[in-house]
Amino acid sequence: MLDIKRIRNDFEDVKERLQTRGVKGEELNELKDLDEKRRELIQESEKLKKYRNDVSSQIAEKKRNKEDATDVIAEMKKVGEDIKAIDSELEQLKEQIDNIAAGLPNLPHPSLPVGEDEASNVLVRKWGEPVTFDFEPQPHWDLGTDLGILDFERGAKVARSRFLYYKGLGARLERALYNFMLDMHTTEHGYEEIIPPYLANDEALYGTGQFPKFKEDVFQIKNHPLTLIPTAEVPLTNYHQKEILEEKDLPKYYTALSPSFRSEAGSAGRDTRGLIRLHQFNKVEMVKFSKPENSYDELEKMTNNAEAILQTLELPYRVVLLSTGDTGFAAAKTYDLEVWIPAQNTYREISSCSNTEDFQARRAMIRYRKESDGKIEYVHTLNGSGLAVGRTVAAIMENYQQADGSIKIPEALVPYMGGVTEIR
RNA sequence: GGAGAAUUGUCCGAGUGGCUUAAGGAGCACGCUUGGAAAGCGUGUAUACGGUUUUCCGUAUCGAGGGUUCGAAUCCCUCAUUCUCCUCCA
């Protein structure tokens with residue numbers, strides 16, 4: 001949620017910057033008009049309420065003195081009706097305003113490349129060299145099926161397409177990976193480990209920005225007002241929903257492993273095979289609550305934390321700064337980490353690290369008390385994958401495959417695999 | 001799932017329709033007092049929105065949302081959460 005006062009005061013600037021994210025100017029003009037109308041009505045309503053409060057205490061006084069107050073009571077009845085009429089109009093206005101405001105994306109950080117889509121993204125850095133194979137590298141779904149460690153057919157039979165069974169050392173590899181990631185974040189990067197709820201209510205999903213605009217992307221539970229989380233960002237960020245934190249406790253770092261459930265509406269036909277695009281996948285998520293002045297340093301650090309995982313696994317990757325048009329709804333600035341996928345001969349997204357500034361904090365009411373003057377301000381919230389586990393399994397399988405279809409286990413993972421050095 | 005009780009400010013806690021601008025206490029901050037501390041005394045101690053512009057003023061907020069009333073912390077309805085008992089369960 002953007003600050004309505006900021007929209008009011010820096011109208012042209014906000015409008016210009018939001019237009020780089022695909023927001024229509026007329027929408028903002030309408031918002032501005034509604035806001036002005038609302039403020040006028042607030043004044044009217046409050047004036048009447050003041051009057052009613054004053055007269056009501058006079059009535060009380062009269063009653064105590066056993067005087068007659070019939071006339072004034074009759075008048076107040078009328079005033080009460082007027083207030084009710086204005087307030088219901090106000091409520092409608094508020095709803096219209098919220099409908100627009102809740103659908104506005106975050107303001108892009110000035111450092112973002114301006115552009116409509118991923119074509120305008122900027123390469124920040126590259127790490128590692130893609131392996132060269134002296135044989136034709138196979139896609140991970142063929143490797144996994146042949147080795148009997150991934151079973152997509154049965155996943156489709158029991159759930160539907162885009163679900164799978166991991167089996168044997170495949171399941172072990174997935175488990176090894178997320179344990180490795182959690183250990184690294186908790187022992188080396190300073191995150192506190194959390195196991196959150198995997199279902200969340202509408203308020204939580206509103207808080208992080210999935211609702212109301214992106215309802216079609218999630219799975220909702222029939223007959224219950226609950227939604228399967230599309231990312232642990234939802235329960236982690238909303239952990240401090242409606243709280244006032246102490247400045248001395250900031251920054252706070254949390255990490256959690258959770259499944260992520262996504263309906264993938266609108267991506268029919270894309271990445272239909274393999275571990276890249278599933279309705280359910282495990283992800284280790286990182287979330288930070290930061291003071292505003294430090295949040296961009298924290299974003300760099302968080303991105304480095306995700307990179308450290310890839311580096312330790314010795315997987316080649318690159319870091320990309322997303323353009324205004326490609327940046328997600330809640331984010332002010334996002335770095336994507338893309339890992340090398342040999343069989344596709346390209347880099348694929350494996351992590352996304354974002355600073356939402358106070359966008360989510362406003363929606364979820366997450367604030368902190370400053371030590372210097374005791375004033376209360378919104379915190380900045382950050383989130384990043386560290387990493388998407390399924391896609392990491394895919395990357396390892398493809399990058400570490402051998403000519404005979406077996407898969408070598410990255411050195412850092414061997415202890416987590418109980419000493420297993422390859423899957424064959 | 002059934003029955004009952006509860007939810008008031010940072011905390012404890014009073015409050016069954018108007019002298020409540022939420023009593024009283026604790027805590028915290030500042031000041032007085034003191035050689036220093038404690039005690040004592042005094043003052044202050046929320047959030048949001050709107051107006052004003054650095055000072056105030058107004059409105060709203062007693063778990064949430066509705067309703068009754070000239071007027072609601074207080075009466076009515078719905079919901080949430082917590083506790084106790086029963087039932088079930090990993």
Side-chain angles (χ1 to χ4, degrees), chain A residues 1-11 31-102 195-207 211-212 221-227 235 238-249 358-379:
Chain A
M1 184 77 84
L2 300 175
D3 183 0
I4 187 76
K5 285 179 194 160
R6 175 144 186 210
I7 298 177
R8 209 180 278 158
N9 298 334
D10 296 331
F11 187 71
L31 182 65
K32 192 183 180 202
D33 292 344
L34 290 168
D35 178 53
E36 273 165 25
K37 182 90 209 283
R38 175 169 169 264
R39 280 183 294 153
E40 278 171 31
L41 282 181
I42 283 175
Q43 288 183 54
E44 261 184 67
S45 167
E46 290 190 349
K47 221 163 78 187
L48 286 176
K49 282 175 185 164
K50 160 92 173 125
Y51 181 52
R52 180 179 67 185
N53 287 345
D54 289 346
V55 176
S56 282
S57 54
Q58 287 169 26
I59 292 173
E61 179 92 35
K62 287 192 177 189
K63 292 268 178 183
R64 258 177 270 131
N65 299 335
K66 311 275 184 224
E67 291 171 38
D68 178 65
T70 321
D71 293 356
V72 220
I73 286 175
E75 193 202 343
M76 281 305 104
K77 199 178 172 82
K78 173 78 173 60
V79 171
E81 281 161 12
D82 290 348
I83 291 173
K84 209 172 261 190
I86 295 173
D87 279 356
S88 86
E89 200 178 335
L90 264 174
E91 206 175 309
Q92 282 176 32
L93 268 177
K94 182 84 167 73
E95 205 171 301
Q96 289 176 53
I97 288 168
D98 285 347
N99 278 345
I100 298 176
I195 300 178
Y198 300 153
L199 298 178
N201 59 31
D202 289 3
E203 214 176 344
L205 283 141
Y206 175 84
F211 284 6
I221 306 298
K222 198 175 176 182
N223 299 330
H224 295 276
L226 289 168
T227 299
N238 281 289
Y239 182 74
H240 288 304
Q241 183 197 93
K242 295 188 202 128
E243 290 182 18
I244 296 171
L245 308 172
E246 294 301 327
E247 180 173 353
K248 64 175 166 45
D249 296 331
D358 63 5
F359 186 85
Q360 293 179 325
R362 259 174 214 291
R363 293 168 87 101
M365 289 294 283
I366 308 167
R367 297 173 291 174
Y368 78 105
R369 191 183 301 279
K370 293 201 284 180
E371 267 162 20
S372 53
D373 55 6
K375 287 265 166 27
I376 288 170
E377 254 186 36
Y378 291 104
V379 301

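Order of the sequence lines fixes the chain letters, A, B, ..., with proteins taken first and strands second; residue numbering starts at 1 for each chain.
- Nearest nucleotide to the side chain of A/Glu46, out of B/G51, B/U59, B/C70: B/U59.
- A/Lys50 has no side-chain polar atom (N or O) that falls below the 4.0 Å cut-off from OP1 or OP2 of B/C57.
- Relative to the side chain of A/Ile42, the nucleotides B/G50, B/G58, B/G18 differ in distance, and B/G50 lies closest.
- Here A/Lys94 lies out of heavy-atom contact (under 4.0 Å) with every strand.
- Residue A/Asn53 has a polar side-chain atom (N or O) positioned under 4.0 Å from OP1 or OP2 of B/U59.
- Among the atoms of the strands shown, only primed sugar atoms or phosphate atoms (P, OP1, OP2) are found under 4.0 Å from some heavy atom of A/Lys49.
- Across the P atoms, B/G35 and B/C28 are found 24 Å apart, a figure rounded to whole Å.
- Rounded to whole Å, the P atom of B/C79 lies 11 Å from the corresponding atom of B/G2.
- Looking at heavy atoms from C-beta onward, A/Lys50 lies out of side-chain contact with A/Lys47 at the 4.5 angstrom threshold.
- The residue among A/Arg38 and A/Met76 whose nearest nucleotide of RNA chain B is located toward the 5' end is A/Arg38.
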Name each donor-acceptor pair under 3.5 Å that joins a side chain in residues 72-83 of chain A to protein atoms two or more places apart or in another chain, with its distance.
| from | atom 1 | to | atom 2 | distance (Å) |
| --- | --- | --- | --- | --- |
| A/Glu75 | OE2 | A/Tyr51 | OH | 2.7 |
| A/Lys78 | NZ | A/Asp82 | OD1 | 3.1 |
| A/Lys78 | NZ | A/Asp82 | OD2 | 3.2 |

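- Here the CZ-CZ distance, from A/Arg367 to A/Arg362, works out to 10.5 Å after rounding to the nearest 0.5 Å.
- B/A73 and B/G65: their P atoms are spaced 13 Å apart (whole Å).
- A distance-only check finds no donor-acceptor pair linking the side chain of A/Arg8 to the backbone of A/Glu36 [under 3.5 Å].
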Atom pairs under 3.5 Å, N or O on each side, protein against nucleotides 45-47 of chain B: can you list them with distances?
| from | atom 1 | to | atom 2 | distance (Å) |
| --- | --- | --- | --- | --- |
| B/U47 | O3' | A/Arg367 | NH1 | 3.2 |

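- Separating the OH atom of A/Tyr378 from the C1' atom of B/A48 is a distance of 8 Å, rounded to the nearest angstrom.
- Using a 4.0 Å heavy-atom criterion, one finds that A/Arg362 contacts no nucleic acid atom at all.
- Between A/Leu2 and A/Phe359, some side-chain heavy-atom pair lies under the 4.5 Å cut-off.
- Look at the C1' atom in both B/G17 and B/G71: the space between them is 8 Å, to the nearest Å.
- Within the structure, every side-chain polar atom (N or O) of A/Arg39 is placed at least 4.0 Å from both OP1 and OP2 of B/U52.
- Residues A/Arg38 and A/Leu90 meet the side-chain proximity criterion, which asks for heavy atoms closer than 4.5 Å.
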Taking only Watson-Crick and G-U wobble pairs with both distances under 3.5 Å, what dot-bracket line describes RNA chain B, where [ ] shows pairs that cross earlier ones and | shows pairs with another strand?
((((((((.[[[..)..(.....]]]((((((.......))))))((((((....)))))).[[[[[..)....]]]]])))))))....

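- For the P atoms, the distance from B/A60 to B/A22 is 12 Å, rounded to whole Å.
- Between A/Glu371 and A/Lys248, none of the side-chain N atoms (NZ, or NE/NH1/NH2) sits under 4.0 Å from a carboxylate O, so this pair counts as no salt bridge.
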Please report the C-alpha distance between A/Asp33 and A/Lys37 in whole Å, then the side-chain angles of each, then the deciding distance to 0.1 Å, and finally whether the salt bridge (Lys or Arg N to Asp or Glu O under 4.0 Å) criterion is met.
CA-CA 6 Å; A/Asp33 292 344; A/Lys37 182 90 209 283; over 6 Å; no

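- With both ends at atom P, the span from B/G4 to B/C11 equals 30 Å, rounded to whole Å.
- Listed pair A/Arg52 / B/G71 meets the phosphate criterion, a side-chain N or O lying under 4.0 Å from OP1 or OP2.
- Side-chain N or O atoms of A/Asp358 include none that pairs as donor or acceptor with a backbone N or O of A/Tyr378 at under 3.5 Å.
- No side-chain heavy atom of A/Asp98 sits less than 4.5 Å from a side-chain heavy atom of A/Glu95.
- Using C1' as the reference atom, B/G27 and B/G9 are 13 Å apart when rounded to the nearest Å.
- For the P atoms, the distance linking B/G15 with B/U84 amounts to 25 Å, nearest Å.
- Proximity note for A/Lys84 (side chain, C-beta onward) versus B/C70, B/G50, B/U68: the nearest is B/U68.
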